[in-house]
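Shown next, in structure tokens, is the structure this report addresses.
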Amino acid sequence: MKRTHFRLSPSQKQRLSQAQERCRAAAGGFQASAFVNVGDTIPVDYDNGFLRGHGTQLVEGQLLATVCGVVERVNKLISVRPLRARYNPETGDVVVGRITEVAPKRWKVDVNSRQDAQLLLSAVNLPGGIQRRRTATDELNMRDLFTENDVISAEVQTLHQDGSLHLHTRSLKYGKLENGQLVKVSPYLIKRLKQHFHQLKQYGVQLILGCNGYVWISAIPPSSSEIVAIQPATNQRAAESESRETGAGTPEAQNVEITRDLRERICRIANAVRVLGACGFMIHPDSIVDTYEASLTSGIEPKQMISGEFHVRTVEREADQRSKKGSFKGSARHLYKAVAARGDDQHHQVYVQVSISRSGSTRELCINGPVTSSSADRHSAGGWPHPT
Amino acid sequence: MINLEKPEQARSDGRTANQLRPMVCSRGLLERAHGSARWQQDNTIIMAAVYGPKPVSGKKENPERATLEVLWKTKSGIAGNTEKEAEVTIRRTLEYIVLSSMHPNTGISIVFQVVNDDGAILACAMNAACAALVDAGIPLNGLIVAVSVGVSTHGVVVVDPTKVEEKNFRAHVCLVFPNRPKCAVAGLPAPVGGEPAEHGIISCVTRGAMSVDEYMTCLERGRAASVKITSLIRNSLEHCQLLQVVGVEFGAVAGSPVPGEAFFAIAVLLGP
């Protein structure tokens with residue numbers, strides 16, 4: 001994984017560390033993930049019981065870490081995730097990989113895992129889409145389908161016990177990817193979501209977030225209505241980005257005319273992904289669009305996005321966003337206390353429902369329940385709560 | 001050379017008898033390797049790369065545990081018996097800390113490349129291997145710390161000898177201690193004769209002849225030195241983790257140009 005190299009001047013370093021502090025403080029309420037060294041005891045509530053996950057071992061009744069990393073707690077499951085981890089595949093993950101070798105009846109694909117994944121000839125869709133037995137001719141013509149150094153998108157089919165990984169491209173949305181950029185980031189920055197294929201219509205750019213940390217950015221292939229399966233946008237993300245699945249491997253994808261403008265947009269999005277990866281933020285269409293917009297408003301060229309200054313600004317912007325969210329939570333708490341106090345006096349039941357949308361751009365505070373006092377107490381959705 | 005009348009007098013490079021050379025540990029240097037590290041003790045530099053767990057051919061396969069394989073590449077010339085011996089020693093030491101039962105039927109290989117040898121190369125290699133294993137995320141029982149101690153012709157015990165000193169010394173020994181008093185190894189022998197568990201030792205490779213008393217002195221000095229190296233290693237790992245953890249959870253980029261590395265240099269003075 002090539003890492004971006006840049007130098008920070010002393011003033012930039014200072015701004016960066018300040019922004020880091022603010023980020024850390026903003027996240028403050030719940031316990032920050034602790035990092036442990038090998039052999040460190042992991043603080044565990046032994047009475048409640050726990051499940052021992054990866055990276056831990058039980059020695060003399062104490063839970064010790066076996067790798068250096070961050071402790072992750074999910075309910076009662078305690079595991080330690082090493083920081084510079086390779087991609088750990090799970091069945092059903094969407095991955096983007098590069099063909100490294102054409103072997104008898106299979107392709108070997110580099111997916112940033114411990115071993116190269118295997119894509120069997122029987123696991124791909126033959127051109128023409130008909131289902132038939134693979135003949136010897138098919139085997140000889142494997143290079144016509146995928147050859148070395150091709151970038152493909154696929155899904156993890158199975159994970160065998162010896163660690164070997166099998167992929168399949170048995171859907172029209174998977175296949176060879178062309179006319180785009182591949183950006184490599186750390187795998188843990190990409191969460192497993194419902195959708196990994198994103199189309200940013202306003203920019204004309206298609207985004208494939210592989211769970212293995214490989215991100216593919218290209219132009220939106222012209223939609224062929226007969227093969228597109230339209231999924232309803234069920235997520236509550238920013239309205240601009242839709243998610244649709246379309247034939248990535250179809251011949252239409254190759255015939256897109258890429259103008260200079262479109263190329264610049266693709267570069268900008270790719271650099272936005274690089275910046276987010278270097279800063280260690282979650283790679284998500286919202287955050288990518290935010291970074292993209294920020295770069296546009298600052299009026300900098302795509303190539304300047306990978307400079308130190310833009311990284312520092314990105315971190316500062318994130319610190320601002322998190323402090324805002326944090327302070328909002330604080331004010332909501334105060335509001336709740338105030339209303340509840342009043343509610344107690346008047347024997348009312350007050351339900352405070354706080355919902356913050358994913359990007360943090362819209363903040364809603366609704367107070368439900370039989371609040372019969374004056375309208376000053378009633379706050380409607382969509383706006384900052386009035387200080388009570 | 002060491003001044004006999006005044007053992008505290010500086011050695012040829014200006015150190016006292018108990019002073020270690022400045023050490024630098026950096027990890028994550030090689031892209032293709034699963035884990036890599038570079039350990040530098042002044043002029044002695046060695047790089048370690050870890051590949052694994054990965055599938056191995058039938059003969060080397062062990063259905064119960066992972067097979068460890070060590071390769072030592074010299075700076076120049078063909079690998080001879082010394083190198084083979086180093087490979088075996090390192091393999092045995094690492095088998096002690098690597099939790100190989102977590103990955104049966106696989107192989108873990110560690111490749112060393114000597115960049116420059118100015119004494120204490122085996123100790124450097126052990127430290128580099130430990131850092132590389134951590135970098136690769138392979139589950140370990142604990143960390144190790146290695147230090148080299150020499151006995152001069154006049155019987156003065158000297159820590160971290162250079163190549164010239166090693167040649168002129170009567171004997172030198174490479175000692176490997178567990179990094180943590182509480183090693184997470186099940187079945188570690190109980191402390192003997194009231195000695196605390198911190199006084200455990202994993203490996204010891206001696207060259208030359210020394211008396212028992214001199215050996216005990218070497219052990220003491222080595223243990224004292226290892227405490228300092230321990231804190232260096234732990235700080236370097238935590239520092240690097242802190243940079244990365246802050247990156248993951250709270251969003252920040254390391255000031256160093258390549259995130260994932262930690263450059264940690266420290267000159268250690270122990271005092272007579």
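Scope of the values below: all heavy atoms of this structure, side chains included, with no hydrogens, waters or symmetry mates. Every chain is numbered from 1 and lettered A, B, ... according to where its sequence line falls, protein lines coming before strand lines.
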Exercise for the section: Nearest 0.5 Å please: distance from the CE atom of B:M102 over to the NE2 atom of A:H54. Expected result: 8.0 Å
Handout entry: A:V38 to B:R234 - nearest heavy-atom pair and separation
Key = O-NH2, 3.1 Å
Exercise for the section: Flag yes if more than 12 heavy atoms outside A:R192 fall under 6.0 Å of its CZ atom; otherwise flag no. Expected result: yes
Handout entry: Qualifying residues under salt bridge (Lys or Arg N to Asp or Glu O under 4.0 Å), relative to A:R15, sequence neighbours excluded
Key = A:E309, A:E316
Practice task
Pick one of side chain, backbone, both or neither for B:I233, based on which atoms fall under 4.5 Å of a heavy atom in chain A.
Solution key: neither
Fill in the blank from the handout: Between the CG atom in B:L143 and the CG atom in A:D40, the distance rounded to the nearest 0.5 Å is 8.5 Å
Exercise for the section: Output yes when A:D116 and B:K54 qualify as a salt bridge under the 4.0 Å nitrogen-oxygen rule, no when they do not. Expected result: no
Completion exercise
Closest heavy-atom pair, B:V134 versus A:C68, reported as atoms and distance to 0.1 Å, is CG1-SG, 3.5 Å
Exercise for the section: Heavy atoms only: give me the nearest A:P82-B:G137 pair and the separation to one decimal. Expected result: CB-CA, 4.1 Å
Fill in the blank from the handout: When rounded to the nearest 0.5 Å, the distance separating CD1 of B:I97 from OG1 of A:T66 is 11.5 Å
Handout entry: ring-ring contact (aromatic ring centres under 6.0 Å, His included) involving A:Y87 - partner list, sequence neighbours excluded
Key = none
Fill in the blank from the handout: Turns out that what part of B:P104 lies under 4.5 Å from chain A's heavy atoms comes down to neither
